[in-house]
Visitor: 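Encoded as structure tokens, here's the structure I'll be asking about.
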There are 2 protein chains.
Amino acid sequence: MPANTPVGGTLVNRVVADAAKLRAEAEKLPAITLPAAEVWDLKLLAVGGYSPLGGFVNEHDYASIIARGKLSDGTPWTVPITLGVQDASKLAAGKRAALKDEKGNLLGAITVQQLYARRFEDEAKGVFKTLDEAHPGVARIKSAGQTLVAGEVDVLPEALPSNEQGLPFKPAEVRAEIDRRGWKSVVAFQTRNPIHRAHEYLLRTALETADGLLIHPLVGETKSDDIPADVRTQCYVALIDKYFPKDRVLLAALPAPMRYAGPKEAIHHALIRRNYGATHFIVGRDHAGVGNYYGTYDAQQIFETYAAGELGIANLNFEHSFWCKGVGGYATSKTSPFGKEHHLTISGTRLRELLAAGEYPPAEIVRPELAEILMAYYRGK
Amino acid sequence: MPANTPVGGTLVNRVVADAAKLRAEAEKLPAITLPAAEVWDLKLLAVGGYSPLGGFVNEHDYASIIARGKLSDGTPWTVPITLGVQDASKLAAGKRAALKDEKGNLLGAITVQQLYARRFEDEAKGVFKTLDEAHPGVARIKSAGQTLVAGEVDVLPEALPSNEQGLPFKPAEVRAEIDRRGWKSVVAFQTRNPIHRAHEYLLRTALETADGLLIHPLVGETKSDDIPADVRTQCYVALIDKYFPKDRVLLAALPAPMRYAGPKEAIHHALIRRNYGATHFIVGRDHAGVGNYYGTYDAQQIFETYAAGELGIANLNFEHSFWCKGVGGYATSKTSPFGKEHHLTISGTRLRELLAAGEYPPAEIVRPELAEILMAYYRGK
């Protein structure tokens, strides 16, 4: 059984075959320097994670994505993948430009299709639902270049994720493994945190009704107070190693930046997971939210604004879960009638305090194997 | 949001409005005596549980159901609802006949459309996959009348389930309640046993991904060693009352006989639940099986022989579940990597011994509230 079809039907690959040729060409090209988040976007464009996009979007798609959550051809897409520059004086439509990171490393090149002005207010309201520059996503597009460069990209193999944690990160790799395992239904889980038992419950619940589970942590740019990707990866590996059947779970990395765009990013995350071969996507409360910009269920309800089958991947909505002493197991407000006094819960602050002090939280909340990894991390901080 | 559409699009109602008229008419009609299982079929026909069927099937549908799991018009249907008689000498196509139970109570009438011969071997092989008369379903059609009477039925209100346990049993009642609650997705659970924690885990798991749960015990004819419906109903009520949120669970009765037809009955059970408004149906291992006539997963795999959307209700497949000491909660072989030595399990025989002796099984296996009901039952036996 094949993995789910990619968005648009074909998996994009923008990694160049002849790296030497691109390196030679780039020496003669004007260069664009990409901020960290755009570097992650470039990596994901290269491997087809943003299929059908093969580059940064043009004005027609940009306006369509913002206004109606679709590309101009009607394909669902909610977050414009843009490349903003401060100075476009050396760039021109039809010409090539080199793409570099902030350290000056060559990443690839772009064939400039179009230069156009960012519509800050439209984009902020359309994608982030706010103009508040305290929102990290709004702040980023405000401070980024306001001239947008559209065009297909060509990416050097060395610009791809270094993969030092040994996790697959290319959609083609993950899809091939899904095919090899013969999974017909695959639930993907987005995370940027260690998986404590509350999330483990959602994973186990979702896996009961699917053939396989794709644990797919985002390893690109996140908020500075998030736990680093390498520490989280140790946690994922330890959890799966001891607590899940290996033949039912895939662990892969998602080289993408967080945007904190709430509902729009929930659809975005789901579409990306379709490109990785998933058929279902877990959406919790306040998915990809930050602050109080979005309603608790906005990220679940937005899925209903698309026609049945239109997204090509189904959302699995979940409530927050807790160890319920009344039920004698994990449950949510949907499945437990017991009030808060029966729930075993702990605040994030208290959890960090315990771990930093080298104390084990209750095993019903954090597996001891994960607690030990996190204790070591907090000790080293 | 409306409940799911009935099979065939319209909910059948064959309960007569003018009972006095039917009673008067019946005095002049030849009578057919229905065995206990057929009485249950009549009740379910009357209230539309077998929609689109409004009576016992004719030869064209009978042959089509057996050969391809569909009515002659292509509507999915896997179990022929038949009325067999030993002596058809007073019956004729186009004429009416009275329907009575074995005590002589008048239940309703049938407009005889056709009389035809049961094809015992075709039916046994097509529905039960065996000719072995040790199979209770095969034994029943072997000993039943071999002349089949087709035709629409008219049923007296007093022939409907006595409803003494206070459970709704009509599809229209359940559908109205689903509508009132605004559930878009409803998972139905077929059972003919008390719900111990292994099944409770499946229910809670299924409910996490749906709006509501329909616990739908079969209260018609079952095997003589099954626990009686009234005792089971006490267990269902006690379980829901303490351990589930009332606004997420509906308890209703299914007045139907068990056929033990394994995969064919799994589809049958699902289609009936669609008539009750459900969108999803839980299918465990060896659903509706008996002895070793069916493969463990036959009842799950048969759903794949229908085209996507053809059944109008989706199957949710589950493995057996167990309290896993390794995981620290309920899990299945799909979600726990821990071997049997980590599972807390108890045989059915040992469980009955404990309950009969008035001893509580582990609370991880049977809730104490249910154990007490079952202890009282075994004490009284």
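In what follows, every chain begins at residue 1, and chains take the letters A, B, ... in the order their sequences are listed. All values derive from a computational prediction rather than experimental measurement. Excluded from the calculations below are hydrogen atoms, water molecules and symmetry mates; all remaining heavy atoms, backbone and side chain alike, are included.
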Visitor: So A:His216 and A:Gln190, side-chain contact (heavy atoms from CB on, under 4.5 Å) or not? Walk me through it.
Guide: CA-CA 5 Å; A:His216 206 195; A:Gln190 150 71 26; over 6 Å; no

Visitor: Quick one: of B:Ala363, B:Gly329, B:Ser333, B:Gly328, who has the most non-hydrogen atom pairs under 4.5 Å with chain A?
Guide: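 Highest number of pairs under 4.5 Å: B:Gly328.
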
Visitor: Taking 4.0 angstrom as the limit, do A:Arg181 and A:Glu177 come out as a salt bridge?
Guide: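 Salt bridge between A:Arg181 and A:Glu177, a charged N being under 4.0 Å from a carboxylate O: yes.
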
Visitor: Under a 3.5 Å threshold, yes or no: a donor from one side chain and an acceptor from the other, between A:Arg232 and A:Tyr236?
Guide: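 Yes - a donor-acceptor pair under 3.5 Å links their side chains.
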
Visitor: What do you reckon, is NE2 of A:His199 surrounded by more than 12 foreign heavy atoms closer than 6.0 Å?
Guide: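 Check fails, neighbour count at 12 or below.
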
Visitor: Output the distance between atom CD1 (B:Ile178) and atom CG (B:Asp211), rounded to the nearest 0.5 Å.
Guide: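 That separation rounds to 10.5 Å.
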
Visitor: Could you look at A:Tyr330 and say if it's the side chain, the backbone, both or neither that has a heavy atom under 4.5 Å from chain B?
Guide: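 The answer is the backbone of A:Tyr330.
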
Visitor: Side chain, backbone, both or neither: which part of A:Ala210 has a heavy atom under 4.5 Å from chain B?
Guide: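 Just its backbone gets close to chain B.
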
Visitor: Where does A:Thr209 contact chain B at under 4.5 Å (heavy atoms): side chain, backbone, both or neither?
Guide: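 Both parts, heavy atoms under 4.5 Å.
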
Visitor: By a 4.5 Å heavy-atom criterion (distance strictly below it), what part of A:Leu316 contacts chain B: side chain, backbone, both, or neither?
Guide: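 For A:Leu316, the side chain is the part near chain B, not the backbone.
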
Visitor: Any chance you could lay out the salt bridge (Lys or Arg N to Asp or Glu O under 4.0 Å) test for B:Glu200 and B:Arg204, step after step, and finish with the verdict?
Guide: CA-CA 6 Å; B:Glu200 192 187 327; B:Arg204 194 163 273 113; 2.8 Å; yes

Visitor: At a heavy-atom separation under 4.5 Å, does A:Ser321 approach chain B through its side chain, its backbone, both, or neither?
Guide: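 For A:Ser321, there is no contact with chain B at all, as no heavy atom is under 4.5 Å.
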
Visitor: Where does A:Glu304 contact chain B at under 4.5 Å (heavy atoms): side chain, backbone, both or neither?
Guide: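 Only the side chain of A:Glu304 comes within 4.5 Å of chain B.
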
Visitor: Quick check: under 4.5 Å, non-hydrogen atoms only, which of residues 237-251 of chain B neighbour chain A?
Guide: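 The stretch touches chain A at B:Lys242, B:Tyr243, B:Phe244, B:Pro245, B:Arg248.
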
Visitor: Go through the steps to decide whether A:Arg352 and A:Ser347 satisfy the test side chain to side chain donor-acceptor pair (under 3.5 Å), and finish with yes or no.
Guide: CA-CA 9 Å; A:Arg352 281 187 295 275; A:Ser347 73; over 6 Å; no

Visitor: NE2/A:His280 to CG/A:Leu207 distance, rounded to the nearest 0.5 angstrom?
Guide: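 Those atoms lie 12.5 Å apart.
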
Visitor: As a test of understanding, state which of B:Phe281, B:Phe189, B:Tyr294 forms a ring pair (Phe, Tyr, Trp, His ring centres under 6.0 Å) with B:His287.
Guide: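 In the set B:Phe281, B:Phe189, B:Tyr294, the residue that makes a ring pair (Phe, Tyr, Trp, His ring centres under 6.0 Å) with B:His287 is B:Phe281.
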
Visitor: Looking only at side chains, do B:Tyr297 and B:Glu319 share a donor and an acceptor under 3.5 Å apart?
Guide: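 Note: B:Tyr297 and B:Glu319 side chains meet the donor-acceptor criterion.
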
Visitor: For B:Tyr201, which atoms come within 4.5 Å of any heavy atom of chain A: side chain, backbone, both, or neither?
Guide: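 When you check distances to chain A, only side chain atoms of B:Tyr201 fall under 4.5 Å.
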
